[in-house]
Amino acid sequence: ILATYATVVGALGEFAADSASGVAEVLQQQAPEAVALILAAIKNYPRSTETKQLAFAVFAQLVLAKYDILDGSLSDITPIVTAALSADDTSGTLQTASSSLVKTNLKLDVLEFLRVLVQRSSVSDSAAEFLIATKDGLRENASSKAFQVPSASFTAAAGLVKLLSNAAHQSSMEVAQFVPWAEDMAQCAASLTGTDDQDLRSSVNVFIGTVLQKFGDHISASTAQQLLLILTELKGGMVHAPAVLGAFVQAISKPTALPQEIVVAVAPSVLQVIDPLLRQGSASVVTVALNVVKALAGYGTETLASAGDHILTNIIAIISKSPESPPASALQAFAAVCPTVSEENMRSVTAKLLKLLSATTVYDGQSAEALGELFETVGRSFPGLMDSWKDGIIENWSQTHARYYKQRKDSSNEAIQVPFPTAMLTNAAKSINSLYTGFYEAQGQQWTSEFLESLVFTSPRSTEDIALVCLGLRALGYAASQGWLAQSDQLAAQLDAHIQSKHDDVRDEAAAALGKYVGSYPATFAALFASATASDSEGASASGRLQAVNVAVDQIVGTGHDKTSADAMWAQITAYAQNSQGPLPDVLAQSLATFAVTFPQVFIPALAEHVSSSGDAKIKAFYITAFRTVLADRHLSAECDAELKNVLPQVLASIDDESINIRRLSLLALFTVIQSKAALIKDAVSTIEPALFRQTVVNESLIRIINMGPVKKRIDDGLDARRCAFQCVHMLVRMLPGAANTDLLAESIVRGIADDHDIRLLVLQVIHETVSTQAHMYAERLDEIAASVRKVQATKLSPKAVSQEIEKHHAILKSSVSVLVALEPVAKAATSPSAEFDKLLAEVMDSSNGELSVYYKELHSQG
């Protein structure tokens with residue numbers, strides 16, 4: 001019963017964090033009675049260690065569900081905890097060894113309960129009394145010889161130290177009475193740092209680091225310094241460096257209770273320890289050594305002053321081993337050590353360092369932040385080197401761009417696209433911005449883009465000019481997204497001028513930069529949109545301005561959540577769509593999707609209304625495209641889903657539209673929603689499916705015959721839409737099995753077997769998805785299915801057919817046999833056999849039937 005209850009509480013605990021579930025409240029109400037019954041069981045069976053073990057398993061699960069759930073019962077639990085922890089370790093005969101194992105297992109369960117109990121944010125009075133009563137048991141078991149008990153004791157004790165520190169900060173508990181205990185535990189831990197037990201070694205290091213971090217100002221200075229130095233002793237070799245020095249970093253990383261003077265005092269000896277580690281081949285050892293450098297640098301230049309130049313040399317060597325992806329810790333350590341490096345030394349390594357960093361490709365936020373921090377620190381610490389660093393960044397990017405341009409020019413195969421080095425450009429742009437950010441900060445100046453204007457106001461005539469302009473545009477775009485750019489009509493005009501450049505790289509960068517600039521000044525959006533949609537805006541210029549519009553929408557609406565601006569922008573875009581005489585670009589549909597995703601309660605219903613009310617096929621297609629873009633987003637909020645569910649029937653009514661293109665687009669929208677968000681459509685299937693299945697019927701009015709010389713060719717303009725309809729049917733039976741009307745489904749399958757080859761393949765997938773659950777449906781229609789298969793197999797190949805047509809004909813015949821193979825088990829099990837189906841199957845199986853018989857055997861052998 002106890003084991004089952006522990007399992008049930010553990011399962012319920014997964015829902016306890018959700019206040020709406022009510023689980024925590026129910027368990028809270030039940031806990032006092034449950035604890036009383038468990039304690040009674042322990043009293044009734046005092047010698048049953050298993051009962052006690054299961055009791056603490058239950059207690060741990062209850063605390064995991066709600067941290068203070070047992071506070072009212074802790075006084076009753078205390079005697080059992082203290083008794084279990086104070087039990088003597090035994091050894092000797094087989095019997096006493098067995099007894100020792102039982103006691104050890106009980107201790108481990110009690111220690112696990114304590115570990116869970118102290119993972120809380122505050123201490124009640126009853127919890128404080130419990131902790132006071134049980135802390136000595138932790139100390140006693142820290143010296144135990146029993147396997148895993150000391151490690152578990154230190155782990156629980158580390159959690160207790162963190163809890164006590166939090167309680168002290170909240171003024172909810174006086175921790176002075178725990179200080180002697182913490183010092184005693186730490187001294188015990190210090191004596192075990194050389195143990196061969198890896199788990200114990202790890203737990204004692206973590207405990208020492210935790211005590212120093214949380215109680216460093218409570219214990220004596222001499223003890224604190226002694227313990228800190230212990231965390232720099234690599235007993236047992238380099239393999240233990242990550243764990244030991246990791247605890248050292250934990251102890252000194254701010255915020256910490258350790259007094260600064262203690263850290264400064266041990267810094268020289270620590271730097272001697274990590275110096276050889278920075279040259280190690282092990283990534284984990286190098287990383288922890290770099291983390292030590294970063295942590296020490298947080299205490300001011302005095303901690304690294306004597307070693308700054310030497311450490312810098314080691315860090316550069318580390319970066320040079322993997323310049324494309326240097327560890328973030330190396331970049332952060334470089335930034336930390338910069339203020340302690342002499343300007344002369346920094347000048348001597350500038351060229352090499354910039355060459356290395358120019359190759360860096362940032363893939364994660366931590367590395368991007370570290371790279372920016374590095375350049376900010378250089379700008380802040382070395383104003384005399386600004387020109388050389390700026391010129392170096394520009395020169396390295398120019399060389400990268402020149403190599404790209406040459407590769408693109410030399411490429412003889414137009415199908416092979418030489419990728420633009422966008423990661424390198426981002427690197428250079430952010431680096432130069434960060435460099436000047438640090439410089440302006442140190443000089444007490446406001447951020448200005450003057451240093452970029454010489455690049456942006458360059459006319460891109462040569463390859464080198466193009467590289468400079470691209471760098472300036474990317475840097476300006478980044479600055480604009482951070483809100484750093486001052487409003488300037490001259491700058492906006494120059495960005496627009498670059499959009500009209502004949503160089504596609506410049507146009508792309510200018511569109512992004514202008515969009516981000518307008519995004520930082522929403523009042524300028526109307527002018528940008530007007531210029532993008534003006535009658536004289538055409539070709540690449542119009543495309544670039546429209547892309548700028550999309551970027552601006554994303555920044556103002558998607559990122560900025562500016563509802564006031566969003567209303568005006570939506571009105572401007574939709575008014576243009578309603579009145580436009582020309583084609584409506586998809587990029588504007590993407591912009592409307594951004595409005596809908598950001599403010600779903602307003603713009604999803606508005607978008608649906610435009611879909612249903614637009615009479616013009618071009619305009620309706622534009623809004624359906626926007627709606628499909630919303631549906632394709634796999635990370636929509638719950639509010640979006642709720643609004644979509646409300647409007648889907650309204651939007652998907654366009655499946656029956658008179659325009660074949662609108663029908664096709666609506667079917668694509670339906671396919672997207674079934675595939676990615678089937679739950680939204682589940683309740684509306686019965687409303688939507690009649691129109692869906694109507695689209696699986698061949699529309700003879702859309703079939704035309706064209707003359708190609710002596711040959712007449714049949715063109716089916718409805719095929720694409722019909723194929724989309726069958727794709728929807730396939731996805732419907734896969735994602736919502738049993739939801740489709742069986743009569744409508746069966747009729748579409750019979751039709752689809754005799755339809756185009758691509759559609760027949762979709763029907764085959766539908767059959768495979770449903771044959772096991774809808775056997776009765778197929779059994780009733782075997783005659784019709786056989787007739788459709790015969791129709792397919794009756795198609796003749798032209799005597800003048802080329803190889804491609806011959807291959808397709810073979811594939812058509814094979815797919816028809818696949819239908820028979822898939823439904824053969826249904827035919828054999830049918831209570832009313834189908835004579836037509838059985839006859840056709842027998843004909844196909846007949847070896848004299850040549851090709852069909854071969855296909856049958858092949859498909860059967862494949863299962």
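Just so it is clear, the structure is predicted and the values come from calculations on it, not from any experiment. As a basis for the values below, the full set of heavy atoms in this structure was taken, side chains included, without hydrogen atoms, waters or symmetry mates.
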Non-neighbouring partners of Arg734 that pass side-chain hydrogen bond (donor to acceptor under 3.5 Å, both in side chains), sequence neighbours left out | Glu769
Indicate yes or no: at least one non-hydrogen side-chain atom of Gln187 is less than 4.5 angstrom from one of Gln226.
-> yes
Backbone N/O of Ala739 and side chain of Lys682: donor-acceptor pair under 3.5 Å | no
Does Leu74 offer a backbone N or O that forms a donor-acceptor pair with the side chain of Thr78 under 3.5 Å?
-> yes
Check whether any side-chain N or O of Ser86 sits under 3.5 Å from a backbone N or O of Ala83 as a donor-acceptor pair, and report yes or no.
-> yes
Sequence neighbours excluded, the answer for side-chain hydrogen bond (donor to acceptor under 3.5 Å, both in side chains) partners of Gln213 is none
With Lys235, which residues qualify under salt bridge (Lys or Arg N to Asp or Glu O under 4.0 Å), at least two apart?
-> Glu233
Do the ring planes of Phe113 and Phe56 sit parallel (below 30°), tilted (30 to 60°) or perpendicular (above 60°)?
-> tilted
Taking only residues two or more places apart in sequence or in another chain, which ones pass salt bridge (Lys or Arg N to Asp or Glu O under 4.0 Å) with Asp68?
-> Lys66
Closest heavy-atom pair and its distance - Leu229, Ser269 | CD2-OG, 3.5 Å
Give every residue pair that meets the salt bridge (Lys or Arg N to Asp or Glu O under 4.0 Å) criterion with at least one member in residues 69-82, sequence neighbours excluded.
-> Asp71-Arg120
Take atom CD of Gln601 as the centre, draw a 6.0 Å sphere, and report whether it contains more than 12 heavy atoms from other residues, nucleotides or ligands.
-> no
Count the heavy atoms belonging to other residues, nucleotides or ligands that lie under 6.0 Å from CD of Glu261, then report whether that count exceeds 12.
-> yes
For residues 151-163, pull every pair meeting salt bridge (Lys or Arg N to Asp or Glu O under 4.0 Å), keeping only residues two or more places apart or in separate chains.
-> none
Decide, yes or no, whether a salt bridge links Asp683 with Lys645 under the criterion of side-chain N to carboxylate O below 4.0 Å.
-> yes
Check each of Val149, Leu192, Ile208, Thr210 against Phe154 using the side-chain contact (heavy atoms from CB on, under 4.5 Å) test, and report the only one that passes.
-> Leu192
Got a sec, which residues hit side-chain hydrogen bond (donor to acceptor under 3.5 Å, both in side chains) with Ser191, two or more places apart in sequence or on another chain?
-> none
Extract all donor-acceptor atom pairs below 3.5 Å that involve side chains of residues 285-300 and protein atoms in other chains or at least two apart in sequence.
{"residue": "Thr287", "atom": "OG1", "partner": "Ala283", "partner atom": "O", "Å": "2.8"}
{"residue": "Asn291", "atom": "OD1", "partner": "Lys294", "partner atom": "NZ", "Å": "3.2"}
{"residue": "Asn291", "atom": "ND2", "partner": "Thr287", "partner atom": "O", "Å": "3.3"}
{"residue": "Lys294", "atom": "NZ", "partner": "Gln332", "partner atom": "OE1", "Å": "2.5"}
{"residue": "Tyr299", "atom": "OH", "partner": "Ile252", "partner atom": "O", "Å": "2.5"}

Exercise answer: donor-acceptor pairs, residues 42-49 side-chain atoms, under 3.5 Å, sequence neighbours excluded:
{"residue": "Asn44", "atom": "ND2", "partner": "Ala40", "partner atom": "O", "Å": "3.2"}
{"residue": "Ser48", "atom": "OG", "partner": "Thr51", "partner atom": "N", "Å": "3.2"}
{"residue": "Ser48", "atom": "OG", "partner": "Thr51", "partner atom": "OG1", "Å": "2.6"}

Residues two or more places apart in sequence or in another chain: which of them pass side-chain hydrogen bond (donor to acceptor under 3.5 Å, both in side chains) with Gln30?
-> Tyr5
ring-ring contact (aromatic ring centres under 6.0 Å, His included) against His218, all qualifying residues, sequence neighbours excluded | Phe215
State whether the number of non-hydrogen atoms from other residues, nucleotides or ligands found under 6.0 Å of Glu50 atom CD is greater than 12.
-> no
Looking at residues at least two apart in the chain, or sitting in another chain, which of them share a salt bridge (Lys or Arg N to Asp or Glu O under 4.0 Å) with Lys254?
-> none
Got a donor-acceptor contact below 3.5 angstrom from the Asn141 side chain to the Gly137 backbone?
-> yes
If only atom types and distance count, is the side chain of Ser144 paired as donor or acceptor with the main-chain N or O of Glu140 below 3.5 Å?
-> no
